[in-house]
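Data block below; observations after.
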Amino acid sequence: DLLKFNQLKFRKKQLKFAKSGIHDWGLFAQEPIAADEMVIEYVGQMIRPIVADVREAQYEATGIGSSYLFRIDFDTIIDATKCGNLARFINHSCNPNCYAKIITIESQKKIVIYSKQPIGVDEEITYDYKFPLEDEKIACLCGAPQCRGFLN
Amino acid sequence: GVLLALHDRAPQLRVAEDRLAATGDRGYCMLRATHGVQRGAWYWEASVEELPEGAAARLGWGRRYANLQAPLGYDKFGYSWRSRKGTRFHESRGKHYSAGYGEGDTLGFLIVLPAAA
Amino acid sequence: WSAFAPDFKELDENVEYEERESEFDVEDE
């Protein structure tokens, strides 16, 4: 993983933040990307699950979406609501061209977005959010033929 | 004797050999004592031997369901007394109770439960 | 995109979060 991460990280993919056909804004490739290459790391603030629970309630109370919270493992959540990088703008798709993977580098866990298949220039980067099932459903806007209808 | 429980604590807390002290560095969390009470009036006492600069404690009574990943008094299952400013907490609401306490202080916690089960 | 989220802080790496003693307090005296 280390070799793969370092090798690909230094070849940071050219990405662009632009209007998305799926929802508001999205992230688009500015260079062709081969399958199984690292696209971008999902970075943010590392917090405990109970802190994430409290923040989720605060975010909802102030109308901020809570879809920037990404569980990395049993006791850590990455919160990219207030700080992070472009990866927080990647939209969900039920038929994505990327996937998220947790890798461990020097005992630090990281969330890395890899390409699932070749991606062309100006193609939107998507991955399956894998939100846990909830009662309050969020409609999915990906428009893919096999769309599941809901993010959660 | 009453000790700090090994099996009833936030996993990130480390309990000392003598099970009378606990240390942790990943957020404010909690551990419970080995003994609980169910009815009648009970009182426990603690002397604060060490409370380094910047550290704080919230001591008191907690029920079995109190969330171990938060300080005592976070939810409705716990009642705590905070060393900073002497605030008492229940359901994360702090009310003034006394001056702050620290090293050298001895604290007492009385609980009065119904005599029947 | 920083105009989109004015007080957003851009990061290269994950950052640790130092919790406050009053992290969970809803009301404090």
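Everything numeric in this text was worked out from a predicted model, so none of it was measured. Each chain gets a letter, A, B and so on, in the order the sequences are listed, and its residues count up from 1.
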Sequence neighbours excluded, every pair satisfying salt bridge (charged side-chain N to carboxylate O under 4.0 Å, His left out) that has a member inside residues 69-86 of chain A: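 For residues 69-86 of chain A: A:Arg55-A:Asp79, A:Asp73-A:Lys109.
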Between A:Lys116 and A:Tyr99, is NZ or CZ placed under 6.0 angstrom from the six-membered ring centre and within 45° of the ring axis?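 The answer is no; the distance or angle limit is not met.
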Polar contact flag, side-chain donor to acceptor under 3.5 angstrom, A:Asn97-A:Glu123: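 Indeed, the side chains of A:Asn97 and A:Glu123 share at least one donor-acceptor pair under 3.5 Å.
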Does the side chain of A:Gln117 pick up a donor-acceptor pair with the side chain of A:Asp36 at under 3.5 Å?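 Result is no, nothing qualifies.
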Contacts with chain A made by residues 18-29 of chain C (heavy-atom distance under 4.5 Å), listed by residue number: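 When heavy atoms of chain A are the reference, residues 18-29 of chain C contributes C:Glu19, C:Glu23, C:Phe24 within the under-4.5 Å range.
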So with a 6.0 Å cut-off around NZ of A:Lys137, is the heavy-atom count from everything else above 12?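 Atom NZ in A:Lys137 is crowded, with more than 12 foreign heavy atoms closer than 6.0 Å.
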Interface moiety of A:Ala80 toward chain C, non-hydrogen atoms closer than 4.5 Å: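 Just the backbone, heavy atoms under 4.5 Å.
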A:Ser115 side-chain N/O to A:Glu37 backbone N/O, donor-acceptor pair under 3.5 Å: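 Indeed, once roles are kept as given, a pair shorter than 3.5 Å links the two residues.
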